[in-house]
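The structure appears right after this line, and notes come after that.
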Amino acid sequence: PALSIASGEGVEVTITYAPAQAGADLDELRVVSNDPTTPNLTIPIRANGAAPCLQLTPSSLDFGAGLLVPSRDEPTPNTRPVVVESCGGTNLKISRVEFEGEAFGFQPAPEPASEELLIELPAASSDAPFPSTTLNVAFWPTQEMNYGGRMKLFTNTSAEPIEVDLFGRGVENACPI
């Protein structure tokens, strides 16, 4: 639509973006005016339509000195939260999580969202905080040594799993006298 704008004034323009499918989109906004300096102005517009997005906090976990436990079969006091946020335009889906390193896992295990999905979070919206959930990652050191591993999240954001590095050091439970 045509607009008349007085010299030295401005106008705010709202552009609505409603993609039909996921993926990158490129378009432009063209402004045609009677301005002798810039009679034609082209503004590129880039967007990523309806793509899921995953944000993890923190992006790696260091348990520091973790108290030794007798076995993996018993509860551990060594836990850390990882916040999973959905920051994209469609639902975030996590089908499974795998751990590399036998000293790491969930405590407690998350309740599956469905038979096919471990976690499903709704799409983000511009007028609310990102939808999120917290995973409680645990560390079961059974020996005094350094441990390393990875948590791999299989999601609809990438063909490859999202990896979180895990670190910890087992320390003796007894207090020195």
Side-chain angles (χ1 to χ4, degrees), residues 17-19 21-25 46-177:
Y17 177 64
Q21 61 190 22
D25 291 307
R46 293 184 181 104
N48 194 3
C53 169
L54 168 74
Q55 183 170 299
L56 294 171
T57 308
S59 57
S60 67
L61 270 183
D62 188 347
F63 287 85
L67 297 175
L68 293 180
V69 294
S71 77
R72 177 70 189 255
D73 299 327
E74 299 191 23
T76 179
N78 310 304
T79 61
R80 297 280 188 276
V82 174
V83 178
V84 178
E85 294 178 304
S86 174
C87 51
T90 61
N91 289 5
L92 169 64
K93 297 175 182 179
I94 300 175
S95 57
R96 71 184 192 278
V97 177
E98 294 177 1
F99 287 91
E100 288 180 355
E102 62 186 38
F104 302 99
F106 287 128
Q107 181 178 291
E111 190 68 33
S114 69
E115 285 187 27
E116 299 83 30
L117 294 175
L118 179 63
I119 296 168
E120 183 170 15
L121 293 173
S125 68
S126 60
D127 59 349
F130 290 151
S132 67
T133 190
T134 300
L135 300 174
N136 292 306
V137 179
F139 174 43
W140 283 269
T142 55
Q143 298 177 42
E144 289 188 71
M145 60 182 261
N146 291 323
Y147 291 83
R150 272 196 185 94
M151 179 173 65
K152 293 182 171 186
L153 294 95
F154 293 82
T155 75
N156 62 337
T157 63
S158 170
E160 297 298 317
I162 308 300
E163 296 183 350
V164 177
D165 290 325
L166 306 170
F167 307 97
R169 182 172 31 89
V171 297
E172 181 58 52
N173 298 355
C175 294
I177 298 176

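- Here C87 contributes atom SG and L121 contributes atom CG; the two are 10.5 Å apart, rounded to the nearest 0.5 Å.
- Residue V97 is tested with L118, V164, T155 for a side chain to side chain contact (heavy atoms under 4.5 Å, CB included); the sole match is L118.
- Annotation: the span from S132 atom OG to L92 atom CG amounts to 11.0 Å, rounded to 0.5 Å.
- With values rounded to the nearest 0.5 angstrom, E85 atom CD is found 9.0 Å from T134 atom OG1.
- Atom CG of N78 and atom CD of Q107 lie 9.0 Å apart (nearest 0.5 Å).
- To the nearest 0.5 Å, the span separating CZ on R150 from CD on E98 amounts to 13.0 Å.
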Evaluation steps, salt bridge (charged side-chain N to carboxylate O under 4.0 Å, His left out), between R72 and E102
CA-CA 9 Å; R72 177 70 189 255; E102 62 186 38; over 6 Å; no
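- Using the six-membered ring where Trp is involved, F139 and F63 have ring planes that are tilted, between 30° and 60° apart.
- Counting heavy atoms from C-beta on, the side chains of M151 and L61 never come closer than 4.5 Å.
- A ring-ring contact (aromatic ring centres under 6.0 Å, His included) with F99 holds for exactly one of F106, F104, W140, Y147; it is F106.
- For the pair S86/N91, no side-chain contact is recorded, criterion being any heavy-atom separation below 4.5 Å from C-beta on.
- At a threshold of 4.5 Å between non-hydrogen side-chain atoms, the residues K93 and L117 count as touching.
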